[in-house]
Amino acid sequence: MDNGASLRCGWCGTEQIYMDYHDHEWGVPERDGRALWEKLILDGFQAGLSWITILKKRDSFRAAFEGFRPEIIAHWGEEDILRLLANPGIVRHRGKIAGTIRSAQAYLRIEQRAGFSDFIWAFQDGKVQQNQWQSLAQVPAQTPVSQAMSKALKAEGFTYCGPTIVYAFMQATGMVNDHLVTCPSHPRVAALA
């Protein structure tokens, strides 16, 4: 199903996996803490790469990281890092893998204290920001909110969560509606808020 490909946000390209992601996932408000954590980790793995690279490897990431269950990953050590470094289905980067383990530990602390979803959504006062961008050139790479969230996540022990990565995470998880107003997904995502 095409859904007006010529009107889609220009970043998603023409590969079916990317168009499906754009049409059905990107910008949809996510309130599940574990799903938010998975997306934040995958956005961290994207650093220096394109999202399509991560998207094509997402199923392999999910298998390799036990369904992104932080309660399991938090207890991993060097043997697990070496196992993942040998896995060609994922991005094999020691720092990002080790960072995922530390981030799982941080997630569990936040989840116990406040709930990870509530912690994340508090930066938006629990509300989706409805932007009205006319062109991709108007969309910021980071915002004061993504800078504040990045700083707070780093203070909690997260890695690979700079303000640009965090803003991409906010876009993907529907904290902000950054579909262009000409995109068929803009009103659909706005209605979900």
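- Arg102 and Gly157 get closest at one heavy-atom pair: CB-O, 4.0 Å.
- With values rounded to the nearest 0.5 angstrom, Phe158 atom CZ is found 10.0 Å from Thr100 atom OG1.
- A salt bridge links Arg62 with Glu38; the closest basic N to acidic carboxylate O contact falls under 4.0 Å.
- At least one side-chain heavy atom of Gln134 sits less than 4.5 Å from a side-chain heavy atom of Val181.
- Atoms CH2 and CE, from Trp121 and Met149 in turn, are 9.0 Å apart once rounded to the nearest 0.5 Å.
- The two residues Pro70 and Arg34 come nearest to each other via the heavy atoms CD-CG, 3.8 Å.
- Considering only heavy atoms from C-beta on, Leu180 stays 4.5 Å or farther from Gln138 through its side chain.
- Contact between Asn177 and Ala190 at its shortest, heavy atoms only, is ND2-N, 3.6 Å.
- Here the CD atom belonging to Glu25 is positioned 11.5 Å from the OG1 atom belonging to Thr173, to the nearest 0.5 angstrom.
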Run the side chain to side chain contact (heavy atoms under 4.5 Å, CB included) check on Met170 and Gln124 step by step: do they pass? CA-CA 10 Å; Met170 292 172 66; Gln124 288 289 98; 3.8 Å; yes
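- Ring orientation note: the planes of Phe123 and Phe119 are nearly perpendicular, at an angle over 60° on the 30°/60° scale.
- Pairs of residues two or more places apart, or lying in two chains, that qualify as side chain to side chain donor-acceptor pair (under 3.5 Å) and include a residue from residues 150-161 are Arg113-Glu156.
- One distance of note links CZ of Arg92 with CG of Leu84; it measures 11.0 Å at 0.5 Å rounding.
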Pair Trp37, Ile73 - check side chain to side chain contact (heavy atoms under 4.5 Å, CB included), show working. CA-CA 12 Å; Trp37 183 74; Ile73 297 168; 3.8 Å; yes
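- Residues Leu55 and Leu42 fail the side-chain proximity criterion, which asks for heavy atoms closer than 4.5 Å.
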Go through the steps for Gln171 and Val139 under the test side chain to side chain contact (heavy atoms under 4.5 Å, CB included), then give the verdict. CA-CA 10 Å; Gln171 292 172 307; Val139 181; 3.4 Å; yes
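- Between the side chain of Ser146 and the main chain of Val166, no donor-acceptor pair closer than 3.5 Å is present.
- Arg83 has no carboxylate O lying under 4.0 Å from a charged side-chain N of Glu79, or vice versa, which leaves the two without a salt bridge.
- In this structure, the side chains of Lys56 and Glu15 come closer than 4.5 Å at one or more pairs of heavy atoms.
- Taking the side chain as every heavy atom from C-beta outward, Tyr21 and Cys12 never approach each other to under 4.5 Å.
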For residues 182-189, dump all side-chain donor-acceptor pairs below 3.5 Å to protein atoms at least two apart in sequence or in another chain.
{"residue": "Ser185", "atom": "OG", "partner": "Arg188", "partner atom": "NH2", "Å": "3.2"}
{"residue": "His186", "atom": "NE2", "partner": "Asn131", "partner atom": "O", "Å": "2.8"}
{"residue": "Arg188", "atom": "NH2", "partner": "Asp23", "partner atom": "O", "Å": "2.4"}

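- Atom CD1 of Ile41 sits about 8.5 Å away from atom SG of Cys161, to the nearest 0.5 Å.
- Partner Met175 forms a side-chain contact (heavy atoms from CB on, under 4.5 Å) with one of Ile120, Val128, Leu36 and no other, that one being Ile120.
- Without hydrogens or angle criteria, Asp80 side chain to Gly77 main chain gives a donor-acceptor distance under 3.5 Å.
- Judged by the 6.0 Å and 45° rule, Lys39 forms a cation-pi pair with Trp51.
- Annotation for Gln46 and Lys96: closest pair C-NZ, 4.4 Å, computed over non-hydrogen atoms.
- Atoms CD1 and CG, from Ile90 and Asp59 in turn, are 13.5 Å apart once rounded to the nearest 0.5 Å.
- When all heavy atoms of Ile97 and Val91 are compared, the pair lying nearest together is CD1-O, 4.5 Å.
- Relative orientation of the Tyr107 and Phe116 rings is tilted, given thresholds of 30° and 60° on the angle between their planes.
- Nearest heavy atoms, Ala168 versus Asp43: C-OD2, 3.8 Å.
- For the pairing with Asp178, the side-chain hydrogen bond (donor to acceptor under 3.5 Å, both in side chains) check across Trp11, Tyr167, Trp26 returns one residue only, Tyr167.
- Hydrophobic clustering (ILVMFWY, side-chain heavy atoms < 4.5 Å, transitive): Trp76 and Phe45 are in one cluster.
- Both Ile52 and Leu49 belong to a single network of hydrophobic side chains, linked directly or stepwise wherever heavy atoms of I, L, V, M, F, W or Y lie under 4.5 Å apart.
- In the hydrophobic clustering of ILVMFWY residues, with side-chain heavy atoms under 4.5 Å counting as a link, Leu85 and Phe61 come out together.
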Determine, step by step, whether Leu40 and Leu153 satisfy the side chain to side chain contact (heavy atoms under 4.5 Å, CB included) criterion, reporting the C-alpha distance in whole Å, the side-chain angles of both residues, the deciding distance to 0.1 Å, and the verdict. CA-CA 10 Å; Leu40 184 60; Leu153 286 166; 3.9 Å; yes
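- In this structure, Ile101 and Ile81 have side chains that are in contact, with non-hydrogen atoms separated by less than 4.5 Å.
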